[in-house]
Colleague: 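Got a structure for you, written out below as structure tokens; questions coming shortly.
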Protein chains: 2
Amino acid sequence: MSSPNGTQAIDRAAMLLAQVVHGSEPVSFTELTAACGLAKSTTSRLLMALERHQLVRRDSDGRFWPGELFVRYAWRGTAGAHLVAVAQPFLDQLGEQTSETINLGVATGGTGGGQAGRDRAAGPANAGVTARAGGGGAGSDVSDMMVRQIAQVNSRYLIGGTNWVGLAVPLHCSALGKVLLAFGGAAMPSEPFEARTPRTITTRAALAAELGTVRDRGFAVTDEELEPGLVAVAAPVFAGGLTAIAAVSVSAPASRLTADLIPATAARCVAVASALSATLGSPPGLDRSRGSTAA
Amino acid sequence: MSSPNGTQAIDRAAMLLAQVVHGSEPVSFTELTAACGLAKSTTSRLLMALERHQLVRRDSDGRFWPGELFVRYAWRGTAGAHLVAVAQPFLDQLGEQTSETINLGVATGGTGGGQAGRDRAAGPANAGVTARAGGGGAGSDVSDMMVRQIAQVNSRYLIGGTNWVGLAVPLHCSALGKVLLAFGGAAMPSEPFEARTPRTITTRAALAAELGTVRDRGFAVTDEELEPGLVAVAAPVFAGGLTAIAAVSVSAPASRLTADLIPATAARCVAVASALSATLGSPPGLDRSRGSTAA
DNA sequence: AACTAGGTTCCGGAATATGGAACTCCCTCC
DNA sequence: GGAGGGAGTTCCATATTCCGGAACCTAGTT
């Protein structure tokens, strides 16, 4: 009487799997039974099946981690393209609403670079699992991160953004970059900041203040700070964590995206970025009715 | 009569899921029914359940891709730590066999950096999915990739490797780097190559020849090319694809790892790296007997 | 040594998943 | 324009498969 279809077992297994992959901490058997409201025996059977298929992995303490299939997927190198695929409908929607150039950007480069950078930063630090040795990298070269555009929807106007896919720009003067900085998706660049235009923010103090504003209002603006005549707004994308994994921007000529239009445009950008975050980060929309403990 | 346990539905769903996540190409419904030997109705029901739980995603052509849960996991930033966790038992084993310093390394830095680097490289290029615009990055800075050690097992001797976790070294003079270069896990560095020791390979031609050797015999050696007195061998780790995602190395003082011992040590290194690759890359060990088409 | 917590195995019962057939939709070919 | 066919979903009776309580096992604790 619970699942509208005939897939109770899979619904339950998926629920367990989502719990395991969802949390950053490994989860114990008991926590899982409680969280999903299943009988011990059922949980045990399901978890053993998931483990057999490498969907979850059990450490020496008996706690559950995402399985080899996930690790393998993450390292396979297609996750970037898939993020684009998942995001595209959202970007399209924003493009229709605004008619302007839409971009999806991620942190990249720097020592370790983008995703990898966060991996390394987090990896050795929290390597608690079984890893030997502590953290302190005697790392050498420290180059700044950038923000790279990985997807784009073109403006419907004749004057608009050219093709920026693949292009990397500095963090401190782009809307995408400011968002990533403000929401923990990128590391603060080192001074001096390159002055791309007379309006570019060039001091750490000024940038820090700007990032505070970005955090407060939930979006970033770059007003002819990257290129004269270019105005853009951007909002953060999360994937269930506390740090932004990407950012969505709307870019336009300064003549079209005037100060009075920025709030409304930014609101749309934030809404779309939030929707994308929800898709990536919210637990699966289980339609289960969990009232099944009793007979 | 098939599954030794009572988890037929989950076994089948996991089989489907593995098929989808396994291949780099999206898979069609019909291919899945055929590959798994299931009835159309069963396949349909199971896939709808998986889709509902964001474990698979269906594109506009009806083909199946890894779902949001996977994309989200990959971008969550914990995949690095999990690779270490999965690899650790293998590294430990190699450490016991050799008593020497064992490292796991991945490509990092450079424009785009490590994993992210491969993502970007593959991303825009194959962005076929629905992405607008082609590839050509007008990218600016081009810094070389390095190899970063992300896990280590310490030598049991008093003289051995110090803690290298977090440290990044050049590709051209380390065993790990040579392996990544030889098996497509890193991009060729730009000349001139830094001469860390008198033996360091410093020309592109010489390095290319060396990489050919590495490919042929399946492992790399660095013989006092990175630091005087340091000898190391390394072997590639794959995750189901054609390019190495990481490398495993054994490092020792030149006095202990003498030329006559290198072949046996390298063989052990290769064996362990292969075992790790199998864990990451092989489809789950389904014990299913698929003979269930007929009644 | 007895006790508790955490987890697995066993078993009868019935709810649940199964697969053939019917059905819908869309595309192609004549 | 109509017939044909491929792709996928829905329906339904059936019995297979999964469920959950209880027994059982293994470690760690007092």
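Predicted model only: the values in this text are computed from it and were never measured. Throughout, a chain's letter reflects where its sequence line sits, starting with A, and its residues are numbered from 1.
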Colleague: Checking all strands, does A:T30 fall into the base, sugar-phosphate, or nothing category for heavy-atom contacts under 4.0 angstrom?
Modeller: sugar-phosphate
Colleague: Can you tell me if the side-chain N/O atoms of A:Q8 get under 4.0 Å from OP1 or OP2 in C:dA17?
Modeller: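 For C:dA17, OP1/OP2 do not have a side-chain N/O of A:Q8 under 4.0 Å.
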Colleague: How long is the line joining CG of B:L38 and P of D:dT17, in whole Å?
Modeller: 13 Å
Colleague: Hey, what do you get for NE2 (A:H53) to CG (A:L69), rounding to the nearest 0.5 Å?
Modeller: 11.0 Å
Colleague: Nearest whole angstrom, please: distance from the P of C:dC25 to the CZ of B:F29.
Modeller: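 Nearest whole value for this atom pair: 17 Å.
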Colleague: Could you point out which residue of B:L94, B:L83, B:V86 forms a side chain to side chain contact (heavy atoms under 4.5 Å, CB included) with B:L276?
Modeller: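 Going through the options one by one, the only one that passes is B:V86.
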Colleague: On DNA chain C, check which nucleotide each of A:R45 and A:A9 is closest to and give me the residue with the more 5' one.
Modeller: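 Here A:R45 is the residue nearer the 5' end.
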Colleague: Does the side chain of B:C36 reach to within under 4.5 Å of the side chain of B:T43, using non-hydrogen atoms?
Modeller: no
Colleague: Kindly say whether A:F238 contributes a backbone atom to a donor-acceptor pair with the side chain of A:S277 at under 3.5 angstrom?
Modeller: yes
Colleague: Please report the distance, rounded to the nearest Å, between CG in A:D11 and C1' in D:dC18.
Modeller: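 A:D11 atom CG is separated from D:dC18 atom C1' by 14 Å.
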Colleague: Measure CG/A:L47 against P/D:dG20 and give the value in whole Å, please.
Modeller: 14 Å
Colleague: Give the nucleotide from the list D:dG20, C:dT18, C:dT8 with an atom nearest to the side chain of A:S44.
Modeller: C:dT8
Colleague: Please state whether the base of C:dG7 and the side chain of A:R58 form at least one donor-acceptor pair under 3.5 Å?
Modeller: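 By the distance-only test, no, there is no pair.
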Colleague: Whether the A:R57 and B:H82 side chains hold a donor-acceptor pair (N or O, under 3.5 Å, no angle test) is what I'd like checked.
Modeller: no
Colleague: What is the distance, rounded to the nearest whole Å, between atom CE of B:M48 and atom C1' of D:dT9?
Modeller: 7 Å
Colleague: Decide if the gap between the ring center of B:F70 and the ring center of A:F70 is smaller than 6.0 angstrom.
Modeller: yes
Colleague: Roughly, in whole Å, what's the span from CG in B:L46 to C1' in D:dC18?
Modeller: 14 Å
Colleague: Which is more 5' along DNA chain D, the nucleotide nearest B:K40 or the one nearest A:S41? Just name the residue.
Modeller: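 Here B:K40 is the residue nearer the 5' end.
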Colleague: Are A:R12 and D:dG20 close enough that a side-chain N or O sits under 4.0 Å from OP1 or OP2?
Modeller: yes
Colleague: Rounding to a whole Å, what distance do you find between B:F64:CZ and D:dT9:P?
Modeller: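 Distance, rounded to whole Å: 7 Å.
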Colleague: In whole Å, what is the span from the CD1 atom of B:I10 to the P atom of D:dC19?
Modeller: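 Whole-Å distance recorded here is 7 Å.
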Colleague: Would you say the side-chain atoms of B:N103 and B:W164 include a donor-acceptor pair closer than 3.5 Å?
Modeller: no
Colleague: If the helix axis at each end comes from five base pairs, how far does the helix from C:dA1-D:dT30 to C:dC30-D:dG1 deviate from straight, to 10°?
Modeller: 40°
